Amino acid sequence: MRRILSHFRLSYGQKLFLLATVPLLLAVAAISVLVANQSRQLADREIRALETQLIEAKKAELKNYISIARTAFVNIYGRAAPDDADAQLEVTQILSAMLYGQDGYFFVFDYDGNNLVSPRQTYLIGKNWRGLSDLNGVEITDPIIDIARNGGGYHSFDWTKPSTSETARMVTYVVGLQDWKWAVGTGIFIDDVLETVAAARAEVEARVQRTSFYILVITVAALTLVFLSGFVITVRERRLADAKLKALTQRVFDAQEEERGRVARELHDGISQLLVGVRYALDSASRRLKTGDARGMESLDKGIDHLSGAIQEVRRISRDLRPGVLDDLGLGPALKALTDDFGTRTGIKTSFNTVVFRNRLDQESKIALYRIAQEALTNIERHANATQVTIDVRGHKKGATMRIADDGQGLPQDTPIQRRSAGGLGLRNMQERVEQLDGTLRIFSSRSGTVIVAEVPLSHILKPESDGTEKTRKGRA
């Protein structure tokens, strides 16, 4: 199981690609759904409005047909009595003859449900159709009679088209002849309206699908662009990272070689010469003691003095490599010892000031600040021609700050400070040590001296220890 999980573990580039594409895909999906829904809703409103408009036009047409029919028999109906059979027969004949279009005709039901006129579907004539309903269960005869009793109105249901014998939606308009208790009406099939509406809906759906396809194409193009851009950026960043890594590795090698060369020079120029002097003194003391020369003890004392000097030199080199006081007493005492030794060795007047830290710097910060001070003092000794050096270390609300100032000749004035801070190996080491702590290194230089300010953020300050422990370690940084 672990092997499977490790096999599917994503690389940094894949995670970055997913981070860029997943939100894009989600946004595109949301936009697609939103556009599709909005398009469908807008189209539905327009289609319903179109359907209503077309049906209203059909209804107005039906009213005109009824008006024409009433005009044809109004005089007969107006002069006839309620039981005038001859007048009723004449009216039924007039209505049976009034056909229009392929499927248009007039129908008549009496209020009892008997069909009196149905010229295109004669099998209905003379039969009682109370309770008649269409295939969907919508009642036909009873609502028509009720509408006629109430003066007139519309009714819709599915009915067989005389021309094709197919079932289609029909809208009827009915009026009542109250003296004869007749329901007179006509109907018009609206399947053409429904077909128009269905075609409009199909066109809307096709439009939505085309829009979705275009969005998909744009998304694929965008993802391809993101992938290619990410690939180019990744390759470029990898090349830059490789170049930086090579440069950093070379600087590490240079620093190691410089440190080895410094230690070798100190061993050769200091300890080696002292030990040679010890050997010569001991050889001289040995010869003189063998011959009974009283100066033998003098040569022996001289050799002991040289040996003591060699021991002190070894301690100094060891302290430069890794001062034990930094681990035992903290940054303040270590810097104090460093500046005192620097002043004694070089003759440059040095002063060290610090404020007792309420909190302690972590180990990484102590080492970094100590090495920065050590590097700065080395540069001052080699290049500055200074007569006075001041080191100030203090903690504050934002972290800790170390300030190193000298009155030397300063850095070369023909290049900017930013380039100077990255130019020499020592200055680069100082800069990189501070950057590892997420801090800042600032260098101010003029012909009257140089000031180096190293700042460490508050994240490298440890929490306060207990009162007893803090008192025993008072003065530590």
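All of these numbers come straight from a predicted model, not from anything done at the bench.
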Item to check | More than 12 heavy atoms from other groups under 6.0 Å of OH on Tyr100 | outcome: yes
Checklist entry - Can you tell me if Gln409 uses its side chain to pair, donor with acceptor, with the backbone of His383 under 3.5 Å? => result yes
Next on the checklist: If you apply the rule side-chain hydrogen bond (donor to acceptor under 3.5 Å, both in side chains), what do you find for Tyr77 with Glu90, and how did you get there?
Outcome noted: CA-CA 10 Å; Tyr77 175 72; Glu90 186 177 358; over 6 Å; no
Item to check | Whether Tyr154 and Tyr173 hold their rings parallel, tilted or perpendicular, with breakpoints at 30° and 60° | outcome: tilted
Item to check | Heavy-atom closest contact (Phe352 atom, Val393 atom, distance) | outcome: CE1-CG2, 4.0 Å
Checklist entry - Can Val184 and Arg70 be said to form a side chain to side chain contact (heavy atoms under 4.5 Å, CB included), step by step? => result CA-CA 9 Å; Val184 179; Arg70 287 174 68 92; over 6 Å; no
Next on the checklist: Could you check whether Glu432 and Gln436, counting side-chain N and O atoms only, form a donor-acceptor pair closer than 3.5 Å?
Outcome noted: no
Next on the checklist: Distance check, rounded to the nearest 0.5 Å: Tyr123 atom OH versus Ser118 atom OG?
Outcome noted: 7.0 Å
Checklist entry - Do Thr160 and Gln121 come close enough that some side-chain heavy atom pair is under 4.5 Å? => result yes
Next on the checklist: Under a 3.5 Å distance rule, please check whether Asp406 uses its side chain to pair with a backbone N or O of Ala386 as donor and acceptor.
Outcome noted: no
Checklist entry - Are Asp112 and Asn128 linked by a side-chain donor-acceptor pair shorter than 3.5 Å? => result no
Item to check | Heavy-atom pair with the smallest gap, counting every atom of Val453 and Thr401 | outcome: CG1-CG2, 3.7 Å
Checklist entry - Roughly how far apart are Asp44 CG and Arg201 CZ, rounded to 0.5 Å? => result 5.0 Å
Checklist entry - Quick one: does Phe107's side chain get under 4.5 Å of Ile144's, heavy atoms only? => result yes
Checklist entry - Is the shortest side-chain N to carboxylate O distance from Asp192 to Lys58 below 4.0 Å? => result yes
Item to check | Pairwise distance CD1(Ile372) to CG(Leu335) - rounded to 0.5 angstrom | outcome: 10.5 Å
Checklist entry - Would you call Met98 and Tyr65 a side-chain contact if the rule is heavy atoms closer than 4.5 Å? => result no
Item to check | Side chains of Ser67 and Asn64, donor plus acceptor under 3.5 Å | outcome: no
Item to check | Pairing of Asp242 and Lys244 as salt bridge, 4.0 angstrom limit | outcome: no
Checklist entry - Parallel, tilted or perpendicular: which fits the ring planes of His155 and Phe157, with parallel below 30° and perpendicular above 60°? => result tilted
Next on the checklist: Measuring only between side-chain heavy atoms, which start at C-beta, is Leu135 closer than 4.5 Å to Thr167?
Outcome noted: yes
Checklist entry - Are Arg210 and Glu203 ion-paired here, with the side-chain N under 4.0 Å from a carboxylate O? => result yes
Checklist entry - Should Arg169 and Asp191 count as an ion pair when the cut-off is N to O under 4.0 Å? => result no
Item to check | Passing option when Ile391 is tested against Leu338, Leu377, Thr354, Asn353 for side-chain contact (heavy atoms from CB on, under 4.5 Å) | outcome: Leu377
Next on the checklist: Could you check whether Thr390 and Ser351, counting side-chain N and O atoms only, form a donor-acceptor pair closer than 3.5 Å?
Outcome noted: yes
Item to check | Distance-only side-chain donor-acceptor flag, Gln374 / Arg371, under 3.5 Å | outcome: yes
Checklist entry - Once you round to the nearest 0.5 Å, how far does OG1 of Thr92 lie from CD1 of Ile125? => result 9.0 Å
Checklist entry - Are the side chains of Ile452 and Thr450 in touch, meaning some heavy atoms are under 4.5 Å apart? => result yes
Next on the checklist: Return the CE to CG distance between Met402 and Leu331, rounded to the nearest 0.5 Å.
Outcome noted: 7.5 Å
Checklist outcome for this item: In this structure, CD of Glu375 is separated from CG of Asn379 (nearest 0.5 Å) by 5.5 Å
Item to check | Gln102 atom CD, over 12 foreign heavy atoms within 6.0 Å | outcome: no
Item to check | Close side-chain approach of Asn136 to Asp158, heavy-atom, < 4.5 Å | outcome: yes
Next on the checklist: Taking atom CD as the centre, does Glu205 end up with more than 12 heavy-atom neighbours from other residues, nucleotides or ligands that are less than 6.0 angstrom away?
Outcome noted: yes
Checklist entry - Would one find more than 12 heavy atoms of other residues, nucleotides or ligands at under 6.0 Å from atom NZ of Lys161? => result yes
Checklist entry - Please walk me through it: do Ile94 and Ile76 pass side chain to side chain contact (heavy atoms under 4.5 Å, CB included)? => result CA-CA 11 Å; Ile94 291 173; Ile76 300 173; 3.6 Å; yes
Checklist entry - Backbone N or O of Asp110 within a donor-acceptor pair of the Asn114 side chain at under 3.5 Å? => result no
Checklist outcome for this item: Applying salt bridge (Lys or Arg N to Asp or Glu O under 4.0 Å) to Asp84 and not counting sequence neighbours gives none
Item to check | Side chains of Thr186 and Ile66 in contact at under 4.5 Å (non-hydrogen atoms) | outcome: yes
